[in-house]
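To start, the structure under review is shown below, and the notes come after it.
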Amino acid sequence: MDCIFCKIANGLIKVDFLYEDDKVVAFRDINPVAPQHVLIVPKKHIESVMNLQEEDFSLVGHIFKVAQKISNDLGISENGFRIVNNCGTAGGQTVMHIHFHLLGGRDMQWPPG
Ligand code: DGP
């Protein structure tokens, strides 16, 4: 499958993982928009939130558990951080393999752009 995140998650393209288990990987975004900008990506190819099936919702919960761990590891849990999922073209999604941005290390603005 011609999906960049499938290739990264399955080791066909080498990147440094901050975290890996049997379900997900986490690695730094190539275009960081915060001092800490990590992508948490399931190994299973799911296009977007709108393509999640019943059996995938526990995976999303697992991703938030991983986000908790990574935020602790990076030392951003105390000050706070942001988790972002862009869904679909109008939502700003550019890679059509579901992923969650973990952003921290600076104060976030609201509303987002
Ligand atoms: P989104 O716009 O939500 O689909 O975010 C996709 C993010 O993925 C974007 O911030 C850039 C990042 N990205 C795209 N290709 C690569 C890659 O090959 N390596 C890494 N580390 N990040 C990538």
Side-chain angles (χ1 to χ4, degrees):
M1 191 185 293
D2 196 23
C3 168
I4 186 84
F5 283 1
C6 280
K7 289 178 183 163
I8 291 174
N10 294 293
L12 298 175
I13 294 175
K14 294 284 173 211
V15 307
D16 288 334
F17 292 150
L18 279 72
Y19 178 87
E20 180 179 17
D21 63 26
D22 58 324
K23 299 184 194 70
V24 304
V25 296
F27 52 90
R28 293 193 180 279
D29 195 292
I30 203 168
N31 296 130
V33 297
Q36 302 288 359
H37 186 169
V38 176
L39 299 173
I40 306 174
V41 179
K43 291 184 174 178
K44 178 179 179 182
H45 183 84
I46 301 166
E47 193 172 310
S48 79
V49 165
M50 293 312 296
N51 299 98
L52 288 165
Q53 304 294 309
E54 196 57 42
E55 66 270 19
D56 299 322
F57 291 111
S58 62
L59 174 63
V60 176
H62 180 67
I63 286 170
F64 276 75
K65 186 175 175 181
V66 171
Q68 215 178 46
K69 175 183 164 33
I70 294 172
S71 68
N72 276 326
D73 291 348
L74 295 177
I76 57 173
S77 56
E78 199 165 317
N79 279 351
F81 55 88
R82 181 171 288 173
I83 295 172
V84 172
N85 169 260
N86 296 324
C87 180
T89 308
Q93 185 176 2
T94 58
V95 177
M96 296 302 167
H97 178 133
I98 194 171
H99 53 279
F100 292 79
H101 299 253
L102 175 58
L103 302 160
R106 67 168 169 84
D107 290 343
M108 300 293 152
Q109 307 299 313
W110 195 263

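No hydrogens, no waters, no symmetry mates; every other heavy atom, side chains included, goes into these values. Atoms within each ligand, like the ligands themselves, are counted from 1 in listed order.
Judged purely by atom type and a 3.5 angstrom limit, Lys43 has no side-chain atom pairing as donor or acceptor with the backbone of Glu20. Using modelled atom types, no side-chain atom of Asn85 and backbone atom of His101 make a donor-acceptor pair closer than 3.5 Å.
At least one N or O atom of Asn86, backbone or side chain, sits closer than 3.5 Å to an N or O atom of ligand 1. Residue Ile4 has no N or O atom closer than 3.5 Å to an N or O atom of ligand 1. Remark: ligand 1 and Phe27 share no N or O pair separated by less than 3.5 Å (distance only, no angle test).
Regarding atom 1 (P) of ligand 1, its nearest protein heavy-atom neighbour is His99 NE2, 3.2 Å. Nearest non-hydrogen protein atom to atom 7 (C) of ligand 1 is Asp29 OD2, 3.4 Å. Nearest non-hydrogen protein atom to atom 4 (O) of ligand 1 is Thr94 N, 2.7 Å. The protein non-hydrogen atom at the shortest distance from atom 17 (C) of ligand 1 is Ile8 CD1, 3.9 Å. If you check which protein heavy atom lies closest to atom 14 (C) of ligand 1, you get Val95 CG2, 4.0 Å. The nearest protein atom to atom 15 (N) of ligand 1, hydrogens excluded, is given as Phe5 CE1, 4.2 Å; this is a heavy-atom distance. The shortest contact between atom 23 (C) of ligand 1 and any protein heavy atom is with Ile30 CG2, 3.5 Å.
Ligand 1 lies nowhere less than 4.0 angstrom from a heavy atom belonging to Met96.
The proximity of Ile13 to ligand 1, defined as any non-hydrogen pair under 4.0 Å, does not occur for either the backbone or the side chain. The part of Arg28 lying near ligand 1 is the backbone, judged by heavy-atom distances below 4.0 Å.
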**Request:** Start with the C-alpha gap between Arg28 and Gln36, add the side-chain angles, then the distance that decides, and say whether side-chain hydrogen bond (donor to acceptor under 3.5 Å, both in side chains) holds.
**Result:** CA-CA 8 Å; Arg28 293 193 180 279; Gln36 302 288 359; 2.8 Å; yes

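Of all atoms in ligand 1, numbered sequentially from 1 with element shown, those under 4.0 Å from a heavy atom of Gln93 are 4 (O). Heavy-atom proximity to Leu39, at under 4.0 Å, picks out these atoms of ligand 1: 8 (O), 12 (C), 22 (N). If you number the atoms of ligand 1 from 1 as listed, the ones under 4.0 Å from a heavy atom of His101 come out as 1 (P), 3 (O), 5 (O), 7 (C), 10 (O).
Between Phe100 and Phe64, the ring planes lie perpendicular to each other; the angle is over 60°, past the 30° to 60° tilted range.
The NE2 atom of His37 lies 11.5 Å from the CD1 atom of Ile30; values are rounded to the nearest 0.5 Å. Residue Ile63 holds its CD1 atom at 10.0 Å from CD1 of Ile83, rounded to the nearest 0.5 Å. A distance of 10.0 Å separates SG in Cys6 from CD1 in Ile8, rounded to the nearest 0.5 Å. Of the inter-residue distances, the one linking Asp29 atom CG with His99 atom NE2 reads 7.5 Å to the nearest 0.5 angstrom. In this structure, OG1 on Thr94 lies 9.0 Å from CG on Asn31, to the nearest 0.5 angstrom.
At most 12 heavy atoms of other shown residues, nucleotides or ligands fall within 6.0 angstrom of atom CD in Gln109.
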